[in-house]
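Here's the structure, in structure tokens; my notes come after.
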Amino acid sequence: WAAAFPYNPFPMPVVVDDSGEAADLARGLIEGQLRAVVEDFRVQRLAEIELKQPNQAKIAEMRLRSLTFEDLSPEEQAQCPPLVLVGGDRVLGGRCLSAVADLLASRLPVKVLSLSELDMGLDRSGAPNSGACDGLAMMSMLERNAYVAQSSVGAADHLMGSMLGALAHPGPALVQVHAPSPSRHGFSTCQTVTTAKAAVASRSLCLFRFDPGGEGTFGTLLDLDGNVAMESLWVESAGFAMTPAHWALGERRFAAHLIPMQASDPAPTPLVEWLALATRERAGKTPFVETEAGERVAVQPALAQAADQRLLAWQTLQEMAGIVTPFTLDVQSKAEAQVAEQHKAELEALQSKHAVEMQDVRDATQAELTTRLRDRLVELSLKRRQAAVSAGSDGGPA
């Protein structure tokens, strides 16, 4: 009932697509809109020339026939209202993925708002689900053409800043937002924001912004502000590391991927430790997490693999942003080794200096004692001689 413009309740021109080709429809709409805008500016420019240089009007008219949106000045382009494409990630990141990628690679003022359910490639039955692309934002960032942000309803300030940045960017933009649904995902309505925040804290969804209009290299254009403990792999909470499986415990849709531990489960291993193992070392081990009640829950292979992919995505963002990279770790280890070597050298120098000073003190003390002893012996010798002289003068034996 709301699909036909202008017969819908929205306060601005809106088209609702029910064909599954929303990105292609959006491209057609924005190109038609820009064609009308460019025509207005073409007429305006021609009128100015006819008023100021009438003899150049014919030549100018022929030249202005090829005027395009890219030929407009930044001020003129800013007067062209953008088109906002809003849809779920199952459509925009699935069937429309290639069309969305083409939009973001263009120069068109299209702002894509992708609402993500964050299913991590899983479905309720426990089988992998390839119908949606949770990594749409990271894929789009690699084009280095569009403003890209990944945010959440659980990070209001970050979400607002991301939307403002997308609208301010003169070209295409994508904002992928985690928008959980209590009814579909299985949690209380009052827990919506709390659940969204837990997704961020568990690295299930990482916040970032990428602004190609900034200065510097790729890493300096990537902003990870808003994430907790940006230099760490995991966020510590209540004495344990939050993983995607801990967040999944709060949503019934992942129940098939979290099963109470059985006595027959081989080599129970905390999920954090399991993820730190090499692939070949994980075989024969059962990753688990603990509930708030202290019960162990086995993490099924699909969810464990999804958690591994989320960790890899976070490490990739850390490396691209230059926060934690093999290079920085190498520099850190070399710096620590250099400091340790300097400390060792300083300690040896101090020990050597201390030994010399102690020897000087011993020598000085020995010399002083020797002098005092000599003086005392001389004093005693003189007293004995005086006593002998005194005895001789009294007629006693000399």
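No side-chain heavy atom of Thr243 sits less than 4.5 Å from a side-chain heavy atom of Ser202. By the 4.5 Å heavy-atom criterion applied to side chains, Leu97 and Leu136 are counted as neighbours. With a 4.5 Å cut-off on side-chain heavy atoms, Thr192 and Pro180 count as touching. Here the side chains of Lys111 and Tyr147 are not in contact, with every heavy-atom distance at 4.5 Å or above. Put simply, the side chain of Leu34 does not reach to within 4.5 Å of the side chain of Glu70, judged on heavy atoms. By the 4.5 Å heavy-atom criterion applied to side chains, Pro172 and Leu103 are not counted as neighbours. Side-chain contact between Val110 and Val112 is present, with heavy atoms from C-beta onward closer than 4.5 Å. Within the 4.5 Å cutoff, side-chain heavy atoms of Val14 are placed close to those of Met12.
Interatomic distance, Thr370 OG1 to Asp363 CG, rounded to the nearest 0.5 Å: 10.5 Å. In this structure, Glu319 CD and Leu222 CG are separated by 12.0 Å, a value rounded to the nearest 0.5 Å. The distance from atom CG of Leu233 to atom CG of Leu311, rounded to the nearest 0.5 Å, is 5.5 Å.
Judged by distance alone, the side chain of Trp247 and the main-chain N or O of Ala201 form no donor-acceptor pair under 3.5 Å. Counting only distance, with no hydrogens or angles, the side chain of Arg310 and the backbone of Ser204 share a donor-acceptor pair below 3.5 Å. Side chain of Glu76 to backbone of Ser73: a donor-acceptor contact under 3.5 angstrom is found. Judged by distance alone, the side chain of Ser237 and the main-chain N or O of Val235 form no donor-acceptor pair under 3.5 Å. Formation of a donor-acceptor pair under 3.5 Å by the Asn145 side chain with backbone atoms of Ser106 is found in this model. A donor-acceptor pair is defined here as one N or O able to donate and one able to accept, closer than 3.5 Å; no such pair exists between the side chain of Glu231 and the backbone of Gln318. The main-chain N or O of Pro260 is found under 3.5 Å from a side-chain atom of Gln262 such that the two form a donor-acceptor pair. When atom types are taken as modelled, the side chain of Gln176 and the backbone of Ala137 share a donor-acceptor pair closer than 3.5 angstrom. Under the 3.5 Å distance criterion, the side-chain polar atoms of Ser181 are left unmatched by any main-chain donor or acceptor of His185.
Side chains of Ser116 and Asp89: a donor on one and an acceptor on the other come within 3.5 Å. Counting only N and O atoms by type, the side chains of Ser151 and His158 include a donor and acceptor under 3.5 Å apart. A donor atom on one side chain and an acceptor atom on the other are found under 3.5 Å apart for Arg209 and Ser162. For the 3.5 Å distance criterion, the side chains of Gln44 and Asp40 fail to qualify, holding no donor opposite an acceptor. Checked by atom type, the side-chain pair Arg203/Asn227 shows no donor-acceptor distance below 3.5 Å.
In the hydrophobic clustering of this structure, Phe69 groups with Leu104; members are Ile, Leu, Val, Met, Phe, Trp, Tyr whose side-chain heavy atoms approach within less than 4.5 Å, directly or through other members. Linking ILVMFWY side-chain heavy atoms closer than 4.5 Å, directly or via other members, places Ile323 and Val148 in a single hydrophobic cluster.
The residues Lys285 and Glu273 are annotated as not salt-bridged, no charged nitrogen and carboxylate oxygen being separated by less than 4.0 angstrom. Using a 4.0 Å cut-off between a side-chain N of Lys or Arg and a carboxylate O of Asp or Glu, Arg282 and Asp308 qualify as a salt bridge. Using a cutoff of 4.0 Å between basic side-chain nitrogens and carboxylate oxygens, Lys353 and Glu348 are not scored as salt-bridged.
By the side-chain hydrogen bond (donor to acceptor under 3.5 Å, both in side chains) test, Ser114 pairs with no residue at all, sequence neighbours left out. Applying the salt bridge (charged side-chain N to carboxylate O under 4.0 Å, His left out) rule to Glu39 yields the partners Arg42; only residues at least two apart in sequence or on another chain are considered. Listed by chain and number, the residues in a side chain to side chain contact (heavy atoms under 4.5 Å, CB included) with Met163 are Leu113, Leu159, Val175 (sequence neighbours excluded). Here Phe208 pairs with nothing under the ring pair (Phe, Tyr, Trp, His ring centres under 6.0 Å) rule; sequence neighbours left out. By the salt bridge (charged side-chain N to carboxylate O under 4.0 Å, His left out) test, Arg376 pairs with Glu379, sequence neighbours left out. Scored by the salt bridge (charged side-chain N to carboxylate O under 4.0 Å, His left out) test, Glu31 finds Arg27 as partners (sequence neighbours excluded).
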Query raised in the report: Do Arg90 and Asp119 pass the salt bridge (charged side-chain N to carboxylate O under 4.0 Å, His left out) test, and can you show the C-alpha distance, the side-chain angles, and the key distance before you say yes or no?
Result: CA-CA 10 Å; Arg90 291 186 178 276; Asp119 60 12; 3.1 Å; yes
**Report entry** Test side-chain contact (heavy atoms from CB on, under 4.5 Å) applied to Phe254 and Leu249, step by step
**Finding:** CA-CA 7 Å; Phe254 296 118; Leu249 284 170; over 6 Å; no
Requested in this report: May I have the step-by-step check of side-chain contact (heavy atoms from CB on, under 4.5 Å) for Leu122 and Leu303, ending in yes or no?
Outcome: CA-CA 8 Å; Leu122 307 173; Leu303 180 54; 3.8 Å; yes
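Arg362 CZ: more than 12 foreign heavy atoms inside a 6.0 Å radius. The neighbour count for Asp360 CG, taken as heavy atoms of other residues, nucleotides or ligands under 6.0 Å away, is above 12. Sparse packing is recorded around CD of Glu215, with 12 or fewer heavy atoms of other residues, nucleotides or ligands lying under 6.0 Å away.
Phe240 and Trp234 have their aromatic ring centers separated by at least 6.0 angstrom.
Applying the side chain to side chain contact (heavy atoms under 4.5 Å, CB included) test between Phe210 and each of Met141, Gln150, Glu143, Met320 identifies Met141 as the sole match.
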